[in-house]
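Let me begin by presenting the structure, written as structure tokens, before commenting on it.
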Amino acid sequence: MTSSVTHVWRLLKWGRILARHGALRGIERDPNTPAPVRRLARIARLGARVPAVPRYADAFQAIGPAAIKLGQSLATRPDLVGDEATHDLLRLQDQLPAVPYATIHEAMRLGLGRDPALLFSSIEETPVGAASIAQVHRAVTTDGRQVAVKVLRPGVEEEFTRAIDTYQWAAAQLEAMSPEARRLRPRLTIENFRRWTLRELNFRREAASASELAESMTAEPEFVIPKVDWARSTAKVLTIEWIDGIKLSDRPALIAAGYDLPKLAQTLIRAFLRQAIAEGFFHADMHQGNLFALPSADGQGRIAAIDFGIMGRIDRRARVWLAEILYGLITGNYKRVAEIHFEAGYVPAHHNVAEFATALRAVGEPMRGLPVKDMSIGMMLDSLFSITRDFDMVTQPHLLLLQKTMVMVEGVATSLDPDINLWDSAAPFVREWIRTELGPEAAIADRLILDLRTLARLPDLVRRIEAHYPAPGGEPPALPMKEVEVVRLGGSWRYAVVAGLSAAAGVAATFGLLH
């Protein structure tokens with residue numbers, strides 16, 4: 001078990017780096033920051049040349065790979081780190097110096113359990129991408145297919161284990177300092193981060209996620225998921241179909257290639273809604289570096305996604321609530337949105353529904369009056385976070401990734417088409433999904449399914465009843481007997497006397513009857 005002294009030393013070292021990048025200024029100025037944390041932030045920046053504009057993403061990159069992943073996680077929590085830090089942290093896209101190819105080749109050999117030459121006819125030594133946990137190289141398989149080979153960086157698992165241990169310790173100390181910190185649930189944020197990271201470090205899980213997402217997106221043929229090469233994939237090496245396209249971040253190249261950028265933006269938004277609302281399983285890291293434009297038959301272009309390490313999942317009930325909340329905000333039905341928050345348990349029952357509806361109106365109405373291109377999902381989420389404290393709303397972990405992804409998708413779509421609006425594009429899809437899922441036909445279908453499942457359980461229920469109340473055996477039914485109250489007279493000697501007298505009386509009566 002790591003000692004508290006070690007945790008404090010690591011935090012001070014990391015805090016010094018954050019201070020040099022101005023990343024602790026917000027913590028110092030926030031009135032809700034516990035006093036001990038504020039003092040530590042001031043100590044960390046002593047003697048440091050603090051920039052005028054905080055560089056949060058640069059600070060996390062300077063600390064190391066685990067901090068980069070933590071920064072990506074914190075980008076989902078504007079309520080915890082603030083709006084300014086959230087937007088800057090979205091820049092974290094894992095661009096790190098490459099590990100020497102000789103080291104990666106040995107890691108590939110160990111991960112595959114055999115010489116890579118038996119599986120690949122050639123491997124490019126210069127990586128096409130170097131991220132916090134892995135490095136990607138272009139290769140050609142022995143049967144002539146072009147693939148991307150993703151290899152886990154040596155030692156990264158141990159580094160993440162050490163860092164997360166300290167993050168958990170720090171979050172526990174923070175929650176113990178103030179009720180406001182407990183409401184924001186930093187320990188839960190770190191626990192979610194730990195789980196996401198463990199999934200990312202297992203490339204078989206990533207391969208399975210890619211395969212599952214491909215199956216669920218058959219209804220959106222313009223959104224492409226590369227095929228997994230299972231024969232060349234293990235827990236530490238992932239081989240996947242090579243995507244030869246233009247990154248969505250390269251707007252000039254997209255224009256030069258003749259792509260329809262507004263059409264690509266619509267494709268991206270519809271694909272996200274299909275994943276999050278209709279399927280409940282979505283790519284949670286859809287930044288511009290993970291999205292490529294591909295040629296299509298109509299010349300307008302398709303979109304391919306890569307990097308399936310971070311995936312989000314939402315159950316059907318939460319998706320119904322989410323769709324109703326989105327559509328209610330789009331149409332201005334704040335009363336229904338407020339009711340859903342109470343039904344879902346997002347707002348404690350001791351608050352007033354009408355008051356919460358008024359607070360939501362204060363968030364929604366200013367956006368409804370703006371031109372379409374100026375309305376923003378990100379703005380809406382920032383405003384919603386501002387009222388969570390007033391209504392004692394605690395963090396909903398199952399929505400953290402979704403919130404981050406919504407902001408990210410809107411940012412990518414806006415870079416393709418500045419006039420697009422996620423609200424406007426989402427409305428038809430959400431409206432149709434709600435009609436399908438919550439309309440009369442859906443209600444009848446749900447009731448039929450429930451009743452059929454209940455009927456299917458009846459035979460098993462009868463068998464359990466029979467097991468508890470077995471059928472009578474060969475012995476004839478017992479004769480009915482009168483209920484007799486048992487009198488407890490005291491110690492065991494009294495029971496013996498009563499039993500003896502009863503026996504004597506019985507013998508005497510029997511003897512008299514017989515004679």
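Just so we're clear, the structure is a prediction, and the values are computed from it rather than from any experiment.
Between R153 and E159 there is no salt bridge, since no side-chain N of the basic residue sits under 4.0 Å from a carboxylate O of the acidic one. Using a 4.0 Å cut-off between charged side-chain N and carboxylate O, R187 and E191 make no salt bridge.
The CZ atom of F60 sits 10.5 Å away from the CD1 atom of I68 when rounded to the nearest 0.5 Å. In this structure, CG in L294 is found 10.5 Å from CZ in F223, a value given to the nearest 0.5 Å. Rounding to the nearest 0.5 Å gives a distance of 5.5 Å between CD1 of I246 and CG of L254. Separating the CD1 atom in I243 from the CD1 atom in I225 is a distance of 8.5 Å, to the nearest 0.5 Å. One finds the CD1 atom of I190 at 10.0 Å from the CG atom of L174 (value rounded to the nearest 0.5 Å). Atoms CZ and CD1, on F272 and I303 in that order, are 13.5 Å from each other to the nearest 0.5 Å.
A donor-acceptor pair under 3.5 Å is absent between the side-chain atoms of E279 and the main chain of M217, judged by distance alone. Side-chain atoms of T239 do not come within 3.5 Å of backbone N or O of D229 as any donor-acceptor pair. Judged purely by atom type and a 3.5 angstrom limit, E206 uses its side chain to pair as donor or acceptor with the backbone of F308. A donor-acceptor pair under 3.5 Å is absent between the side-chain atoms of H21 and the main chain of Y56, judged by distance alone. Not one N or O on the side chain of E241 forms a donor-acceptor pair closer than 3.5 Å with the backbone of P226. The backbone N or O of W169 lies less than 3.5 Å from a partner atom in the side chain of Q173, making a donor-acceptor pair. With D285 contributing its side chain and N290 its backbone, the two residues share no donor-acceptor pair below 3.5 Å. Under a 3.5 Å cut-off, the side chain of R251 and the backbone N or O of L416 do form a donor-acceptor pair.
Here the shortest heavy-atom pairing between L268 and L291 reads CD1-CD1, 3.8 Å. Across H283 and T405, no two heavy atoms sit closer than the pair O-CG2, 3.5 Å. Summarising the geometry of V151 relative to A107, their closest heavy-atom pair is CG1-CB, 4.0 Å, with the distance given to 0.1 Å. For the pair S121 and T141, the tightest heavy-atom approach, listed with the atom from each and the gap, is OG-O, 3.4 Å. For T197 against F160, the heavy-atom pair with the smallest separation is CG2-CD2, 3.2 Å. G111 approaches T234 most closely through the heavy-atom pair O-OG1, 2.9 Å.
When side chains are defined from C-beta on, P116 counts as touching H105, because their heavy atoms get closer than 4.5 Å. Here the side chains of F282 and V409 are not in contact, with every heavy-atom distance at 4.5 Å or above. The closest side-chain heavy-atom distance from E222 to K263 is below 4.5 Å. Counting heavy atoms from C-beta on, the side chains of T267 and R302 never come closer than 4.5 Å. You'll find the side chain of L238 stays beyond 4.5 Å of the side chain of V136, heavy atoms only. Counting heavy atoms from C-beta on, the side chains of E175 and P186 come closer than 4.5 Å. The side-chain heavy atoms of F120 and R232, taken from C-beta on, include a pair separated by under 4.5 Å. When side chains are defined from C-beta on, K150 counts as touching D307, because their heavy atoms get closer than 4.5 Å.
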(request) For Y101 and T126, run side-chain contact (heavy atoms from CB on, under 4.5 Å): C-alpha distance rounded to whole Å, both residues' side-chain angles, the deciding distance at 0.1 Å, then the answer. (result) CA-CA 7 Å; Y101 179 71; T126 302; over 6 Å; no
(request) In sequence, state the C-alpha distance, the side-chain angles, and the governing distance for M311 and L213, and then conclude on side-chain contact (heavy atoms from CB on, under 4.5 Å). (result) CA-CA 9 Å; M311 305 295 293; L213 186 62; 4.0 Å; yes
(message) Apply side-chain contact (heavy atoms from CB on, under 4.5 Å) to residues K236 and L110 and explain how you reach the verdict.
(response) CA-CA 9 Å; K236 296 187 177 183; L110 293 173; over 6 Å; no
(request) Evaluate the criterion side-chain contact (heavy atoms from CB on, under 4.5 Å) for residue pair V128 and W242; output intermediate values, then yes/no. (result) CA-CA 11 Å; V128 295; W242 177 260; 3.8 Å; yes
Do any side-chain atoms of residues 4-12 form donor-acceptor pairs under 3.5 angstrom with protein atoms, and if so which ones, sequence neighbours left out?
residue : atom : partner : partner atom : Å
T6      : OG1  : S3      : OG           : 3.0
H7      : ND1  : T166    : OG1          : 2.9
R10     : NH1  : R162    : O            : 3.1
R10     : NH1  : T166    : OG1          : 2.8

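Counted within 6.0 Å of CZ on R194, heavy atoms from surrounding residues, nucleotides or ligands total more than 12; the atom is thus considered enclosed.
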